[in-house]
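Comments concern the structure below.
Not measured: the values here are computed from a predicted model.
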Amino acid sequence: MASAGAFIQRLRLRPSFLRFGCRNKISVSCCNIPRGIHHVCIIGSGPAGFYAAQQIVKSLENSRVDIYEKLPVPFGLVRYGVAPDHPEVKNVINTFTNVLKNSRVSFIGNIEVGKDVTFSQLQDSYNAILLCYGASEDRKLNIPGEAESVIPGREFVGWYNGLPENRNLKINLVNSERAFIIGQGNVALDIARILLSPIDILTKTDISTYALEALSKSKIKEVTIFGRRGPLQVAFTIKELRELINLSGIRVSLNPKDFTEVNDNLISTLPRPKKRLTELLYRTTKNQSDSDAIMGAEKTLSMKFLRSPLHIDPEGERLKMTFAVNELNSKTERVQDTGVREVEICDLVFRSVGYKGRRLFKELPFDDERGIIPNDNGKVQSGVYCCGWVAEGPRGVILSTMQNAFEVGKVIAKDLSTNPNHTELSGQSAIRSLLSHKRITSYIDYQKIAEHEHKTGTKVTTIEEMLRIANNISSS
């Protein structure tokens, strides 16, 4: 009887195929597995992409998953969106790293899908395409003066987190004392916290070196966060609020008139998350005092509600913002302009009113208003899927993204495993042959960059330096 080795030789199977289910013995059904390999392409290496990859390789044994990323390094929002003083949130990188260690998962970095490789090329190479590239654009205020005077929140977050495309963002912190933030979500509170945090706190984080230097020279003394609705409609969560109001060296200023409709009876009727959040806001308003600690505070955090920006005008070296004063319909939670106007003077204006996705492929449907890819439980069309923010909109936390990605991953695995007309395609090999001119980065390359950052204690913030490290070229 021929040996197992001779049997494999005769079938001309490469040894690498043994990873796909062939372990202790060779069988005819086992060796048929390579002819049934399902190649899956995932576009985007943030939480949605990694959780989906984790689910697919778990649910479909004969699958190969390739994760494409525009940058040379993975992890997307976790690396470049999570605030540097929230290291506990970044612990999910350990889970994602374990996904990359799976021999059936590949990281393909430094490739911009839609530019370096087309949709039709991916269709020709993969049995399934999963789009999970997030929400990469800011929603705008659409007011006069915005383009000239407003700093997009997404760009500021990218700036302090070391995102290469935002590292040269111009922010005059040295000559600015008063900053306005338009929007009352978690990102708005992140921006306020970074602007107001003592520099010794930021020094202990992985904030980009250039941002740390700029913030150490900042003259910002007052930050005001504006919202178009009332305190019961804020979008931020209690954790972010608590961190912000408990910062050392700041005085919190909330107008009691904004809370005239809020009382203990109303609070008791609210769902638990909103109840705890409203209690904290209400208690903060009631506990404002002239204590020595507050009187001695060097910085002030303010929140203003029922205000919608109308236009921004230059006022010498400063900015003049005109706001509409709104009134809220408590039943519909919609606001209406009262006709009253307020004018405020500041030095910097940040916009943080939400993100939206962008169209990547003209061949696929896209909802420009909502900034998402229309889908039915993750299905876009035959062989094409989406999950995460580009599928559902930018909402929730990493946990909700994980749940959505898991569900879509299961759908993909089921569709592929039950397809009676399965044809094995080439996967990444065909794409690599088209991109021989590009320096494609891998998980091994990322490990080199991560090790460099660990040794130096600084985040690499340019693509050029990332590739230099990946190529083992020392700096001169």
Side-chain angles (χ1 to χ4, degrees), residues 41-47 49-50 53 64-82 84 90 92-94 96-103 105-118 121-122 125 132-134 136 154-155 157-170 205-213 358 360 427-476:
C41 161
I42 293 180
I43 301 172
S45 70
F50 272 99
R64 288 295 301 268
V65 177
D66 299 330
I67 303 175
Y68 286 78
E69 168 59 48
K70 180 172 71 172
L71 292 168
V73 294
F75 308 137
L77 183 69
V78 178
R79 180 178 170 95
Y80 293 115
V82 175
K90 299 186 181 186
V92 294
I93 285 179
N94 297 326
F96 300 160
T97 299
N98 286 332
V99 174
L100 287 176
K101 290 177 180 178
N102 189 309
S103 61
V105 178
S106 296
F107 173 70
I108 301 176
N110 201 37
I111 297 299
E112 186 171 358
V113 173
K115 179 180 178 182
D116 296 323
V117 59
T118 67
Q121 289 169 339
L122 291 174
S125 304
C132 42
Y133 54 88
S136 57
R154 169 174 283 281
E155 294 183 16
V157 171
W159 174 76
Y160 64 65
N161 274 322
L163 183 62
E165 66 185 63
N166 297 138
R167 73 184 313 274
N168 294 319
L169 184 66
K170 303 299 181 184
T205 72
D206 70 345
I207 191 170
S208 62
T209 304
Y210 58 80
L212 183 64
E213 181 179 358
R358 63 181 179 87
L360 191 60
Q428 64 172 278
S429 61
I431 302 300
R432 285 182 177 274
S433 67
L434 296 170
L435 299 173
S436 57
H437 61 288
K438 288 280 294 186
R439 173 54 165 98
I440 299 174
T441 56
S442 65
Y443 171 54
I444 293 175
D445 293 321
Y446 163 69
Q447 286 180 303
K448 295 178 184 178
I449 296 167
E451 183 180 357
H452 173 87
E453 291 178 334
H454 179 72
K455 286 182 177 179
T456 61
T458 59
K459 184 180 285 187
V460 180
T461 59
T462 68
I463 291 176
E464 293 74 17
E465 187 178 4
M466 290 177 187
L467 296 180
R468 178 187 63 75
I469 295 168
N471 292 330
N472 298 315
I473 300 173
S474 61
S475 59
S476 56

- Steps toward side chain to side chain contact (heavy atoms under 4.5 Å, CB included) verdict (R79, K90): CA-CA 7 Å; R79 180 178 170 95; K90 299 186 181 186; over 6 Å; no
- What are the two closest non-hydrogen atoms of S45 and E69, and how far apart are they? OG-OE1, 2.7 Å
- Query: Does any non-hydrogen side-chain atom of P164 lie less than 4.5 Å from one of L71?
  - Reply: yes
- Query: K459 side chain to N161 main-chain N or O, any donor-acceptor pair under 3.5 Å?
  - Reply: yes
- Task: Check the pair L122, I431 against side chain to side chain contact (heavy atoms under 4.5 Å, CB included), reporting the backbone distance first and the verdict last.
- Result: CA-CA 8 Å; L122 291 174; I431 302 300; 4.1 Å; yes
- Heavy-atom nearest pair, G44 first then I67, reads O-CG2, 3.7 Å
- Message: Using only atom types and a distance under 3.5 Å, with no angle test, would you say the side chain of K448 pairs donor to acceptor with the backbone of A470?
- Response: yes
- Note on the structure: Closest non-hydrogen contact found for L77 with P47 is CB-CD, 4.3 Å
- Reported CG-to-NZ distance for the pair N110 and K438, which is rounded to 0.5 angstrom: 4.5 Å
- Step-by-step side chain to side chain contact (heavy atoms under 4.5 Å, CB included) determination, E451 to I469: CA-CA 10 Å; E451 183 180 357; I469 295 168; over 6 Å; no
- Query: When rounded to the nearest 0.5 angstrom, what distance separates OG in S429 from CZ in R64?
  - Reply: 10.0 Å
- Rounded distance (nearest 0.5 Å) linking atom OG1 of T462 with atom CG of L467: 8.5 Å
- Any donor-acceptor N or O pair under 3.5 Å, side chains Q428, D66: yes
- Query: CZ/R468 to CD1/I449 distance, rounded to the nearest 0.5 angstrom?
  - Reply: 10.0 Å
- Which residues pass the side-chain hydrogen bond (donor to acceptor under 3.5 Å, both in side chains) test with R439, sequence neighbours left out? D445, N471
- Task: Classify the side-chain pair E453/T458 by whether it contains a donor and acceptor separated by less than 3.5 Å.
- Result: no
- Message: Going by side-chain hydrogen bond (donor to acceptor under 3.5 Å, both in side chains), name the residues that satisfy it together with Y80, two or more places apart in sequence or in a different chain.
- Response: none
- Could you tell me which non-hydrogen atom of P84 sits nearest to which non-hydrogen atom of D206, and how far apart they are? CB-OD1, 3.4 Å
- Flag the pair C132 / I43 as yes when at least one side-chain heavy-atom distance between them is below 4.5 Å, and no otherwise. no
- Message: Please report the interatomic distance OH(Y443) to CG(L100), rounded to the nearest 0.5 Å.
- Response: 6.5 Å
- Can any side-chain N or O of Y133 pair as donor or acceptor with the backbone N or O of G46 at less than 3.5 Å? no
- Query: Below 4.5 Å, heavy atoms only, C-beta onward: do I111 and V117 meet side chain to side chain?
  - Reply: yes
- Task: Please check if the side chain of S208 supplies one atom and the backbone of W159 the other of a donor-acceptor pair under 3.5 Å.
- Result: yes
- Item | Least distance between heavy atoms, F107 atom then P72 atom | CE2-O, 3.4 Å
- Item | Set of residues satisfying ring pair (Phe, Tyr, Trp, His ring centres under 6.0 Å) with respect to F75, sequence neighbours excluded | F50, Y446
- Check whether any side-chain heavy atom of E165 sits under 4.5 Å from a side-chain heavy atom of E155, and report yes or no. no
- Message: As an exercise, state the distance from CD of E213 to CD1 of I207, rounded to the nearest 0.5 Å.
- Response: 12.0 Å
